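A short worksheet on the structure shown next.
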Amino acid sequence: MSALDKHKTEDGTEALALAAACDERKLEELIGKHRGWILSRAALYSGRYVTESDDEWSVALAAFVEAVNSFDEGKGAFLPFAALVIRRR
């Protein structure tokens, strides 16, 4: 886990991810809070610079939402799980 991932898991990300699974406004809040992180994962896994107008952003965002909907806090922290879901896309 990177230092960024560790920091994010200590700021209530897991609780927000769990709430976001059934609350659209919480989902928007979670996405807004982690927009830069989602973009960085998209860039890392695509091997190029990614902006919100790129297809890679759309794929990464869809994978992030999928991670929110399938997250189980008993199996670990949210951001490493979300990174795995994004990478597999």
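These numbers come from a predicted model, not from an experiment. Basis for what follows: all heavy atoms, side chains included, without hydrogens, waters or symmetry-related copies.
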Counting heavy atoms not belonging to Asp55, are there more than 12 under 6.0 Å from its CG?
-> no

Contacts of Glu52 meeting salt bridge (Lys or Arg N to Asp or Glu O under 4.0 Å) (sequence neighbours excluded), chain-then-number -> Arg35

Between the OG atom in Ser40 and the OH atom in Tyr49, the distance rounded to the nearest 0.5 Å is 11.5 Å

Rounded to the nearest 0.5 angstrom, the NZ-OG1 distance for Lys33 and Thr13 is 4.5 Å

Practice problem: Step through the shown structure and confirm whether more than 12 heavy atoms of other residues, nucleotides or ligands are within 6.0 Å of CZ on Arg88. | Solution: no

For Arg25, the salt bridge (Lys or Arg N to Asp or Glu O under 4.0 Å) test, sequence neighbours excluded, returns none

Hits for side chain to side chain contact (heavy atoms under 4.5 Å, CB included) against Leu44, two or more places apart or cross-chain, chain-then-number order -> Arg41

The salt bridge (Lys or Arg N to Asp or Glu O under 4.0 Å) partners of Arg89 (sequence neighbours excluded) come to Glu66

Across all chains, not counting sequence neighbours, the side chain to side chain contact (heavy atoms under 4.5 Å, CB included) partners of Ala17 are Leu30, Phe71, Phe78

Minimal heavy-atom distance between Ala60 and Ala42, with the atoms involved, is CB-CB, 3.7 Å

Query raised in the report: Is the closest side-chain heavy-atom distance between Ile86 and Trp37 below 4.5 Å?
Result: yes

Contacts satisfying salt bridge (Lys or Arg N to Asp or Glu O under 4.0 Å) that involve residues 75-85 (not counting sequence neighbours) are none

Hydrophobic cluster membership, Leu16 vs Leu27, 4.5 Å side-chain cutoff: yes

Sequence neighbours excluded, the answer for side chain to side chain donor-acceptor pair (under 3.5 Å) partners of Thr51 is Ser53, Asp54

Applying salt bridge (Lys or Arg N to Asp or Glu O under 4.0 Å) to Glu73 and not counting sequence neighbours gives none

For Phe81, the ring pair (Phe, Tyr, Trp, His ring centres under 6.0 Å) test, sequence neighbours excluded, returns none

Across all chains, not counting sequence neighbours, the side chain to side chain contact (heavy atoms under 4.5 Å, CB included) partners of Leu61 are Ile31, Ile38, Trp57

